[in-house]
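Following: one structure in structure tokens, then a few remarks.
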Amino acid sequence: MSIERFLTGITTSGTPHLGNYVGSIRPSVRHSQRSQVQSFYFLADYHALIKIDEPVRIQRSTLEIAASWLACGLDPERVVFYRQSDIPEIPELTWFLTCVLGKGVLNRAHAYKAAVDKNTAAGTDADADVSAGLFMYPVLMGADILMFNAHQVPVGRDQVQHIEMARDMAHSFNHRYGVHFVAPEAAIEDNVATLPGLDGRKMSKSYDNTIPLFAPREQLQKLIASIVTDSRAPGEPKDTEGSALFQIYQAFASAEETATLKQAFADGIAWGEAKQLVFERIDQEIAPMRTAYLALINDPGKIEAILRAGAAKARAIATPFMAELRHAVGLRDLRSKEAAGNKTTKVALPVFKQYREADGQFYFKLQDGDGRLLLQSRGFAAPKVAGQTIATLQTQGASALAGMTDQLELATGVSASDLENALLTLREAKAK
Ligand code: TRP
């Protein structure tokens with residue numbers, strides 16, 4: 001059975017909060033404990049430079065985030081846990097990817113576009129205060145992912161576009177230089193993807209509405225007491241719908257506990273009492289980890305050693321891979337002999353094959369360049385319909401599959417992203 005590679009990074013630009021814990025750290029740590037997965041966890045400190053120019057804050061945040069993940073149970077023996085800036089291959093790969101990605105793709109990146117829109121609204125120059133680093137952010141992120149050929153990248157919805165860009169870079173590179181990269185997929189945690197903050201909006205350091213993950217017990221209690229509620233008096237039934245307090249509780253409690261609180265809301269529990277309940281439930285989960293966290297944060301040497309050992313593991317993969325990539329693009333030992341314009345690394349293109357079966361019906365299938373079956377159609381009475389179905393797939397990509405489940409079937413072991421890759425490769429080849 002093949003091993004799935006799973007990768008995630010956290011920008012070292014702040015102190016981890018409950019939203020990071022619920023949305024990223026907790027699911028990631030759980031996931032890393034499964035068999036058949038190889039996990040990569042890293043501290044995205046190069047990314048932090050985009051937002052922060054206070055060296056001490058970056059250093060402190062790196063320490064806090066590393067300590068948080070370890071305290072939450074990440075096992076550095078089992079996973080590859082490293083600091084991005086310890087891997088010089090990552091910025092090198094960033095440059096390779098920069099050269100295969102269309103600039104227009106970056107123009108359309110949400111974070112950049114938001115900055116431009118804000119400037120435009122304010123009547124200033126479109127690119128005012130936009131660093132080239134912000135503009136290039138998705139490429140660096142693509143390099144993080146492609147460096148280790150990760151299959152799955154757990155991200156919030158706001159980051160899905162970045163994964164799509166990473167896929168785009170993988171395809172463009174593969175298309176030019178032969179297949180070296182896997183196209184990654186975004187893995188979205190749907191049940192508790194985002195946690196509301198103190199003011200009810202998404203918990204985020206940009207809204208200044210966060211609850212630090214390892215706030216001391218008393219501070220945690222105070223912060224939870226400050227979560228916004230409506231003004232219903234004790235005894236009045238309360239809505240769970242739209243209640244930040246309830247949603248936060250739900251992220252920590254079992255289904256049973258949640259149902260009990262829901263009932264208490266209906267029965268008119270006082271807000272103060274509900275807050276106390278939520279506080280105790282959260283603290284119950286966090287308290288043991290808080291102790292571990294404090295011990296770690298007071299021993300930076302230990303964390304430094306763990307990260308360096310992790311970097312050695314990561315580079316055992318990245319260094320030879322980068323050598324392969326350098327060779328692929330032509331940054332080579334001058335003595336090495338490979339004929340100019342050598343086409344052996346070119347990928348054979350996927351093909352659609354149409355045919356008629358003994359049953360008189362018309363069929364088609366899609367094979368990749370090596371003849372592996374990717375997609376099989378059912379029988380169509382008319383060849384024209386088969387042809388139209390192919391055309392729809394070619395223009396709409398794998399998203400068209402959803403509406404065609406009774407006409408088409410992915411071959412076993414083929415994922416929607418494999419199909420998407422094949423269709424993209426075809427489209428790119430046509431565009432040439
Ligand atoms: N952009 C992510 C964030 O802001 C951090 C990040 C950097 C990342 N590189 C990544 C996440 C690669 C997943 C994969 O949190």
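Counting convention: from 1, in listed order, for ligands and their atoms alike. Along the sequence shown, residues are numbered consecutively beginning with 1. Treat the numbers as computed from the prediction; the structure is a model and nothing was measured.
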### Query
For residues S13 and K205, is any side-chain donor paired with an opposing acceptor at under 3.5 Å?
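On atom types as modelled, these side chains qualify, holding a pair under 3.5 Å.
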### Message
Suppose we screen for side-chain hydrogen bond (donor to acceptor under 3.5 Å, both in side chains). Which residues come up paired with R167, at least two apart in sequence or across chains?
### Response
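For R167, no residue satisfies side-chain hydrogen bond (donor to acceptor under 3.5 Å, both in side chains) once neighbours in sequence are set aside.
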#### Entry: Qualifying residues under side-chain hydrogen bond (donor to acceptor under 3.5 Å, both in side chains), relative to N149, sequence neighbours excluded
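side-chain hydrogen bond (donor to acceptor under 3.5 Å, both in side chains) list for N149, sorted by chain: empty.
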### Task
Would you check if I10 and I25 make a side-chain contact, meaning some heavy-atom pair closer than 4.5 Å?
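Heavy-atom side-chain distance check passes, below 4.5 Å.
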Run through all N or O atoms in ligand 1 and write down each protein N or O closer than 3.5 Å, as a pair with its distance.
| from | atom 1 | to | atom 2 | distance (Å) |
| --- | --- | --- | --- | --- |
| ligand 1 | 1 (N) | Y137 | OH | 2.4 |
| ligand 1 | 1 (N) | Q159 | OE1 | 3.2 |
| ligand 1 | 4 (O) | T11 | OG1 | 3.3 |
| ligand 1 | 4 (O) | Y137 | OH | 2.9 |
| ligand 1 | 9 (N) | D144 | OD2 | 2.6 |

#### Entry: More than 12 heavy atoms from other groups under 6.0 Å of CZ on R308
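No, not enclosed.
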Throw together a table of side-chain donor-acceptor distances under 3.5 angstrom for residues 128-137, partners on residues two or more places apart or in other chains.
| from | atom 1 | to | atom 2 | distance (Å) |
| --- | --- | --- | --- | --- |
| S131 | OG | G133 | N | 3.3 |
| S131 | OG | L134 | N | 3.0 |

